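Inspection log for the structure reproduced underneath, given as structure tokens.
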Amino acid sequence: MQKEYNFQEIEEKWQSRWEESQPYKVPVENAGKNKAYVLDMFPYPSGSGLHMGHPLGYTGTDIYSRFKRLQGFSVLHPMGFDAFGLPAEQHAIRTGNHPAEFTKQNCEVFKKQLKRLGFSYDWEREIATCDPEYYQWTQWIFLKIYNSWFDEEIQKARPISELPIPADISQAGELAIAKYLDSKRLAYMDYAMVNWCPDLGTVLSNEEVIDGKSEVGSFDVIRKPMRQWLLRITKYSERLINDLVEINWPESIKDQQRNWIGRRYGAEIDFQVKDQDLILTAFTTRPDTLFGVTFFVISPEHPLVSELTTKEQSLAVNEYCQQASKLSDLARTIENREKTGVFTGTHLINPINQQAVPLYIGDYVLMNYGTGAVMGVPAHDERDFEFAKKFAVEIIPVIIPANSEQAQQVLAKNLCWTEPGQMIAIKDPIFEELELSNKSNEIAKATICTWLETQQKGRQVVNYRLRDWLFSRQRYWGEPIPIIHWENGTITGLSDQELPLVLPEVADYKPSADGESPLSKAENWLEVICPKTGMKGRRETNTMPQWAGSCWYYLRFIDPKNSSLPWAKDLEQSWMNVDLYVGGAEHAVLHLLYARFWHKILFDLGFVTTNEPFQRLFNQGMLTSFAYKDSRGALVAIDEVKTTDSGEFIQISTGEKVERITAKMSKSLRNVVTPDEIINEYGADTLRTFLMFMAPLEAQKSWDSQAITGVNRFLKKAYSFIANRGEFVPPAEEDLQVKKSIAGLIQKITLDLENLRFNTPVSSMMEFLNNTSNLKFSKKSAGEFAILLSPYAPHLAEELWCLLGNKDSIVTAKWPSFDPQLLQQEKINIVIQVNGKKRANIEVDVKIDDELLKQMIVENLKDSLHPVSLADRFILVKNPKDGTVKLANIIVN
Ligand code: ANZ
């Protein structure tokens, strides 16, 4: 009787065997020369369980891990949970239940679901960032950051104990020294304008604010000054940009990081305030436009606003600044927003031509970029152009396009020219002395910069868009920041022995009305007395942001149970870097930049031996689903639509025709497919193989429930091919085509997996079975097929391996090799004619492609009396039976 593919039985059986034999366990000391550290971006354990995006990337890494294991590598493939986070806290506020319990339950669900997918994780290394045994070390790293400073000279972090203290400060006593140290630490406190979200009762980082709303929950966000913890990531701007060349990451992600850091080469230029002994400094990337300055704008938060405002203008200026304080930076810098501003009554002197220009306050100038002051050049900057039009300020062009026709247009129409070009002749003694007329604006940039430097009226500078990382949150469900504020005004970090500083129990999880963290209500925990001096102190009540735990989890996986250190140094040395890191591109600038930053500090302080954490990064594409759109553009859920025989889509309730579109999976469109549903219906092996088969892993793709049956059929066929085969032949009697095909398959899949091409091996395996399953097969070749299949469909492959009579798990098998001779193509001889006369013979592979053949002919005749080129007409005469070329005739004029 024919045996049927019973995926449920097979998958349960092998999962329980793996549970017993632990084939994926990596001994702690086992790194060795051939190692592969393959890492997934670990999930946040939400209450709704795994969604289809999770197994998509996780299958890719699992296939790669299995492939490397079969190749004899020691593979570290761990999994854990990014378990602090806002949803659990909001759940706690709603229900009064402890977020830890809710989180723990969710982790259990996730783990069970992940195990059903047959992933080859070493579960003994599981970690959760909210466990005190884990966050003890997050706090430990925070303290290392707190206890260090950045030495500009060597561009490295160093222990704060090595910071040279200026003599006047050390004479001023302990308190002054403490203040000085605090001002240099890599973790420091400062008043910062923060994004305050009243509904969430917390401060958000810029990255967590999207279009003026919170990323979580989409609540309004306003600006407010608050005392906060910040990490000095800006000190690492240069290294974070420069070291990108060392790592194998998608260029698009590198570009996003570069843009986020936003390195700008430019100049600071000093403008004297007219009739006053005061200087205002502008940051510009375009010193070449200095002769075109017609006004000057400072930010409403500029510290000199009141000093620079005349009595007559003070009322208007005050009112304007008040209005501006209500807007977020983002709202102020929206493109095409109508420019606003107010005149201060004051004028400034342009250092290069001594012209007096009016000084305005304008909210398009931000205080936290450059110097918070802009020299207005309306002829060459769009924002300044709009401002000048609104306030009727003069527009003086100094650069025109190199193309004269274009230049005439720009001048005739008074356009704003922001591109490179050449300098217009200007009547000015210094302009003439510098011989700028008709020079390219790039030359003018350098010339004017040098002039400013020699006159001491300006200097070249590098500026970055990156801001220091706002690191404190007024939340309960995060790592407590291990700091004590003493009553004498000093602050200290806890000692290593006092860690972990465990979250206290609190009566409720809401922040206080003024935004203090819920921890400020935990009186007993909060108040401390120094056992040595008896001084009173209060613990820091802010907690760390969710990014903290994921900044270093890849290091803990190396040595997850170490209770005396975050990781043992020799293990770190043998396992790092992460060889392959896979996750969504949405983490381009958040997690991936923060983790690189922490890693570099740890590197500087000697705790890790590599400069970068993630050697190779790969982004999985978005997985979407289908939905429908009616003629008004409204979205229609998938169960409200039927498909007609002719393939049209009709809305059932209205009978109206609708259009099929791709949309995010969402409950309201009822187009969500969960991994569990699919596993129930087809099994995990089908789901895994299908997820890879759909498209290249990096591509965006739409879930198509119908297409999965094709993959399921392939696995049934693979099962039957071995389970229902009467007998195998000895290797000597095997059909040559089987030998050749399996060799080709091994070659192809090896190359594809090495290059993370996960989709094409599936079609190659399908094709292989179709072409060879009816031929004479040896057990050896059938076993090799099972091994090739095992990264994709590990349960089925184990079953087939067992049916072939193997005693050990297929996990312990060896990735097959092949005899390259089997892949050598037969040669044929082709006659070459030029204009119908025989000129040469060449020997080529039977299956040579036409283009390659043409190139070979050109090459072959290169030094002859009758050279030909690819531009000539080639007539390839082919054998009608097998399509091989017999003769090539090239027609040369
Ligand atoms: C004069 C000028 C002339 C400028 C010109 C540009 C073009 P990116 O490349 O985005 O960094 N700027 C400087 N500080 C600013 C601040 N705090 N808020 C808003 N804008 C500010 O832009 C650098 C340019 O942004 C600077 O160069 C300055 O305008 C403006 F034809 O100076 B520029």
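We use all heavy atoms of the structure for the numbers below, so side chains are in, but hydrogens, waters and symmetry mates are not. If you're wondering where the values come from, they're calculated on a predicted model, not measured in any experiment. Every number for a ligand or one of its atoms is a count from 1 in the order of the listing.
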Identify, by atom number and element, the atoms of ligand 1 in contact range of [X], meaning under 4.0 Å from any of its heavy atoms.
X      : answer
Tyr369 : 8 (P), 11 (O), 14 (N), 15 (C), 16 (C), 17 (N)
Val365 : 16 (C), 17 (N), 18 (N), 19 (C)
Thr289 : 3 (C), 31 (F)
Tyr364 : 18 (N), 19 (C)
Thr285 : 23 (C), 24 (C), 26 (C), 27 (O)

For [atom], what is the nearest protein heavy atom, given as residue, atom name and distance?
atom                    : result
atom 31 (F) of ligand 1 : His380 O, 2.8 Å
atom 32 (O) of ligand 1 : Thr284 OG1, 2.7 Å
atom 28 (C) of ligand 1 : Phe283 O, 3.7 Å
atom 15 (C) of ligand 1 : Val374 CG2, 3.5 Å
atom 6 (C) of ligand 1  : Asp381 OD2, 3.3 Å

With heavy atoms only and a cut-off of under 4.0 Å, state how Arg264 meets ligand 1: side chain, backbone, both or neither. side chain

Once you measure the plane-to-plane angle for Tyr360 and Phe295, does it fall in the parallel (<30°), tilted (30-60°) or perpendicular (>60°) bin? perpendicular

Quick one: which of Val608, Leu602, Ile601 gives a side chain to side chain contact (heavy atoms under 4.5 Å, CB included) with Leu605? Ile601

Below 4.0 Å from any atom of ligand 1, is there a heavy atom belonging to Arg465? yes

Indicate yes or no for a side-chain donor-acceptor contact from [X] to the backbone of [Y] under 3.5 Å, with no hydrogens or angles considered.
X      : Y      : answer
Thr418 : His380 : no
Trp417 : Glu419 : yes
Asn195 : Val221 : no

When you check the gap from the basic side-chain N to the acidic O, do [X] and [Y] get nearer than 4.0 Å?
X      : Y      : value
Asp270 : Arg459 : yes
Arg286 : Asp381 : no
Lys235 : Asp151 : no
Asp182 : Lys179 : no

N/O to N/O below 3.5 Å, does that happen between Asp384 and ligand 1? no

Leu366 N/O to ligand 1 N/O under 3.5 Å: yes

Kindly indicate whether the side chain of His599, heavy atoms from C-beta on, has any atom under 4.5 Å from the side chain of Tyr554. yes

Nearest non-hydrogen contact with atom 5 (C) of ligand 1 belongs to which option: Arg383, Arg286, Arg263? Arg286

